[in-house]
Every structure is written in C-alpha cells, then in structure tokens.
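Here the structure is laid out as structure tokens; the discussion comes afterwards.
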Protein chains: 2
Amino acid sequence: MVDIQPRACPIAGTLDLVGERWSLLVLREVFLGVRRFADIRANTGAPRDVLTKRLRSLESAGILERRRYQDHPPRFEYHLTPAGQALEPVLIGLREWGIRHLQDPPPAPRFVHTCGADVKTRVVCAECGEPLEGGGLVTVLEETGAGTR
Amino acid sequence: MVDIQPRACPIAGTLDLVGERWSLLVLREVFLGVRRFADIRANTGAPRDVLTKRLRSLESAGILERRRYQDHPPRFEYHLTPAGQALEPVLIGLREWGIRHLQDPPPAPRFVHTCGADVKTRVVCAECGEPLEGGGLVTVLEETGAGTR
DNA sequence: CACAGTGAGTCCGTAAAACAAACCGACTAG
DNA sequence: CTAGTCGGTTTGTTTTACGGACTCACTGTG
C-alpha cells in the first residue's frame, strides 16, 4: 500500500494555473501581441470552447485581463497582468530548449533583445547572483538528504 | 472563415514533448532525485497507467533514460539525459513564479545554490549577456511589425 | 514451507475533457 | 438586403484520464 501525498510545491501550483493544454500557447500569443479571440485561435489551433475556458481561467488566475475595446457590439482583448508578464522566463525557457533540443527545430526568433540578438534564460543564485551553469552547481534538497544530481 | 495555421514554434514543439499533464511533475521528481516508478507516483499523484505512458514518451523524446538497476525481477530507474537536464530553467521558472504569484505559496526551497541560497531565472541577451529586467527590454517580433509590450 | 509484501507495471469500466461542426447575436460594409 | 466579422455557446462524438483490481517475479518473515 503506497500512500500518495502529492508534493505541495510551487511548480505544481503554477502548473495548476497554466499547465493545461493550450494555456501556455495562449500566453505565447499574448506575449507576441496577439490579443483577440479569433487571432489567438488561428495561431494556436485551440478549439473555440476550450479557448474560452482557458481564457476565463487565466483571467480568474490573475494572469490575463479581459478588456473591452468596443461596445455595440462588445469586443474584447486580452492583456497580460504583471503576474502574467512574470511568466516570460518560462516561455523563454521552453523556447530555448526547443531551439537546442528539438530534432527539427522550427523557425524561432520571436523574442529578441532590443540589440537584435536572441534572448536566453540563465539560472542564477538569488543571493550572490552567481550563474549556475553546467548543471552541477545546483543542489537539490530532499527531506531526507541532499543531492547534487 | 478563419484559416487556422498553428504557429510552428519551438515553444509549441517543446510543449508537445513535455506539456502533457504530469510530465513536468515527473521531471521535477527526477530532478529532485526521485527515480523509481512507485516513488514518482507517490510524489506526483499520477495514475499508474498515465505515469507509464508519460515515462515512455519522455524516454522516447530523449529526455529521460530508463536504466535497469537489477534483474530478477527487472527493476528500473529513470535518469535525466543532458537534454532533460536542460529543462531545468523551465522548472526553476515555474517554481519562481509560484513562489511570487501564487495566492497561497506552498513550501518551496527545493532547488538551492551550493551557498544555501535560493535560485532564480534571469532572461539575458544571448549576445551581449545584458539582463532584460523590468519587462520593457524584450522586443517581440511579428511578421508584420514589432512591439515592445 | 506458507504467507505477506514490494516494484513495476497492465487491464478494465467509468468519468471527464477535448474536439469538430453547427449555430447565435449584434453589429458593419457593400 | 446580403455577406462577413467577432466572440463566443451548444451539441454530439471521440479521446483521455482516472481508480481499482489484478499480474508477475521475486524477497523477507515466521
């Protein structure tokens, strides 16, 4: 008999909000400036009803804001809240991984620095700011014992 | 009539491999040093058959490696490949967002620097290495026109 | 030896979710 | 008047997830 106690952890909590199918693609679009229902749908391929559900749940999670940009008839645009903008490193990280590790990497340069170059993520120590490259520098803690991977 | 052409982009490509339910939680566990089926199941809560499917697909994506650690009976452990380790920034990003933006952030410190402090992600320019903080520094390109969000 | 337990699953029936296609309401443009 | 746009909702079907029972090849306990 195995007792199942899913780890309460911020990764799981975040995935509860943005980890469902289409959610991160929706956010990608909004990051790219695509704010309207039909356009988000066209660029992601999400079914309309699912897209509606995702937009509502991202809105109620405080990640997107639904703004009316005209009345008569009412039309809406979706904008990132500050919390939504804070997901940028996640998208950049997924993008960077895809560019490096997908067997057939699709055309990529969509997030670039103002200097014109590509952007990437870096894991750094929150205290000393030292970059942790090469995998070995991050230590992973367990309740019982630690490891360095 | 809207023509739907989902963007071929590395974010979508990466999510095809790791974006299904449970996949990223499985990877979190392996990052934490939890390598065996029953333990991964206990710490994530994934149903057994789904977990089997995810482990197989992560394996065939080259993200996990399934290693036999005993014969008679055969028993297996899952290890990160280099490609799998390269997903670390994504997990750290999700974790960091959860710590900062979840209404009720769960106990968090699981990835720490060897100096004992927490880690975080930084988005930097791939060329000049300049950090892009404050949201405004990243430029997002569109086929038709660019924006600064 | 019999019996309980473990690890890594598979199988099965049900419940939930996704999907595609059709439809809708309030307009605008021709 | 007709067609089209936008932002959805509704409906029916297919896919997926889920929980529980079961299996197989052992190991350890009395």
Side-chain angles (χ1 to χ4, degrees), chain A residues 1-7 12 15-27 29-30 33-61 64-80 144, chain B residues 1-7 12 15-27 29-30 32-61 64-79 144:
Chain A
M1 191 107 334
V2 197
D3 54 333
I4 294 162
Q5 285 167 296
R7 237 185 253 286
L15 288 173
D16 282 344
L17 301 182
V18 302
E20 287 174 301
R21 199 166 182 197
W22 305 116
S23 292
L24 284 167
L25 292 183
V26 168
L27 291 176
E29 290 305 311
V30 182
V34 177
R35 312 188 181 292
R36 300 188 184 177
F37 190 92
D39 296 331
I40 295 171
R41 167 166 159 75
N43 290 335
T44 59
R48 267 179 291 256
D49 58 344
V50 178
L51 181 55
T52 302
K53 253 187 276 185
R54 293 297 179 274
L55 289 168
R56 295 292 174 280
S57 76
L58 289 171
E59 192 194 355
S60 73
L64 291 182
E65 189 196 339
R66 187 172 183 250
R67 284 190 208 156
R68 177 179 295 222
Y69 68 89
Q70 72 172 41
D71 314 289
H72 308 300
R75 289 295 138 84
F76 305 94
E77 282 179 340
Y78 296 89
H79 290 257
L80 292 165
T144 56
Chain B
M1 191 109 330
V2 197
D3 53 334
I4 292 162
Q5 286 166 296
R7 236 185 250 288
L15 287 173
D16 283 343
L17 301 182
V18 302
E20 286 175 303
R21 199 165 182 198
W22 306 114
S23 291
L24 285 167
L25 292 183
V26 168
L27 291 176
E29 291 305 311
V30 182
L32 293 171
V34 177
R35 312 188 181 293
R36 301 188 183 177
F37 190 91
D39 296 331
I40 295 171
R41 168 166 157 76
N43 291 335
T44 59
R48 267 178 293 254
D49 58 346
V50 179
L51 180 55
T52 302
K53 253 186 275 184
R54 294 297 179 273
L55 289 168
R56 293 294 174 279
S57 75
L58 290 171
E59 193 194 352
S60 73
L64 290 182
E65 187 196 340
R66 187 171 182 249
R67 284 191 207 155
R68 176 180 295 223
Y69 67 88
Q70 71 171 43
D71 314 287
H72 308 300
R75 290 293 136 83
F76 305 94
E77 281 179 340
Y78 296 90
H79 289 257
T144 57

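Treat the numbers as computed from the prediction; the structure is a model and nothing was measured.
In this structure, B:Asp39 places its CG atom 8 Å from P of C:dA8, rounding to the nearest Å. Atom CZ in B:Arg67 sits about 15 Å away from atom P in C:dA8, given to the nearest Å. Regarding B:Leu51, its CG atom lies at a distance of 10 Å from the C1' atom of C:dG9, rounded to whole Å. Whole-Å rounding puts the B:Arg68 CZ to C:dG7 P distance at 17 Å.
Partners of A:Arg21 by side-chain hydrogen bond (donor to acceptor under 3.5 Å, both in side chains), not counting sequence neighbours: none found. Applying the salt bridge (Lys or Arg N to Asp or Glu O under 4.0 Å) criterion to A:Glu59, with sequence neighbours excluded, gives no partner residue. Listed by chain and number, the residues in a side-chain hydrogen bond (donor to acceptor under 3.5 Å, both in side chains) with A:Glu20 amount to none (sequence neighbours excluded). Scanning for side chain to side chain contact (heavy atoms under 4.5 Å, CB included) contacts around A:Asp49 gives A:Pro47, with sequence neighbours left out. Residues that satisfy the salt bridge (Lys or Arg N to Asp or Glu O under 4.0 Å) test with A:Arg67, not counting sequence neighbours, are A:Glu65. Residues passing the side chain to side chain contact (heavy atoms under 4.5 Å, CB included) test with A:Asp39 are A:Val34, A:Arg36, sequence neighbours excluded. Shown here are the side-chain hydrogen bond (donor to acceptor under 3.5 Å, both in side chains) partners of A:Arg75, two or more places apart in sequence or in another chain: there are none.
A close approach under 4.0 Å does not occur between any side-chain nitrogen or oxygen of B:Tyr78 and OP1 or OP2 of C:dG7. Between B:Lys53 and D:dA17, a side-chain N or O to OP1/OP2 separation shorter than 4.0 Å is present. At D:dG7, none of the side-chain N or O atoms of A:Thr52 fall inside 4.0 Å of OP1 or OP2 (strictly under the cut-off). At least one side-chain nitrogen or oxygen of B:Arg56 sits closer than 4.0 Å to the OP1 or OP2 atom of C:dG9.
For the residue pair B:Arg35 and B:Tyr78, no side-chain donor N or O sits within less than 3.5 Å of a side-chain acceptor on the partner.
Counting non-hydrogen atoms under 4.0 angstrom, B:Arg66 reaches the backbone sugars and phosphates but no base.
Rounded to 10 degrees, the angle separating the terminal axes of the helix from C:dC1-D:dG30 to C:dG30-D:dC1 is 10°, with each axis obtained from five end pairs.
Both B:Phe76 and A:Asp49 lie near DNA chain C, and the one whose nearest nucleotide falls closer to the 5' end is B:Phe76. Checking A:Leu55 against B:Gln70, the closest nucleotide of DNA chain D that is more toward the 5' end is the one next to A:Leu55.
Listed by residue number, the members of residues 18-25 of chain B with any heavy atom below 4.0 angstrom from DNA chain D are B:Arg21, B:Trp22.
Atom CG in B:Leu51 sits 8.0 Å away from atom CZ in B:Arg41 (nearest 0.5 Å).
A pairwise comparison of heavy atoms in A:Ala12 and A:Arg7 identifies CB-O, 4.2 Å as the closest pair. Looking at every heavy atom in both residues, B:Val18 comes nearest to B:Leu24 through O-CG, 3.4 Å.
Checked against C:dC19, C:dA8, D:dG7, the side chain of A:Val50 finds its nearest nucleotide in C:dC19.
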Pick out the pairs of N or O atoms, protein on one side and nucleotides 23-30 of chain C on the other, that lie under 3.5 Å.
unit_1, atom_1, unit_2, atom_2, d
C:dC27, OP1, A:His72, ND1, 3.4

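B:Val26 has its side chain within reach of B:Leu64: a pair of non-hydrogen atoms, C-beta onward, lies under 4.5 Å apart.
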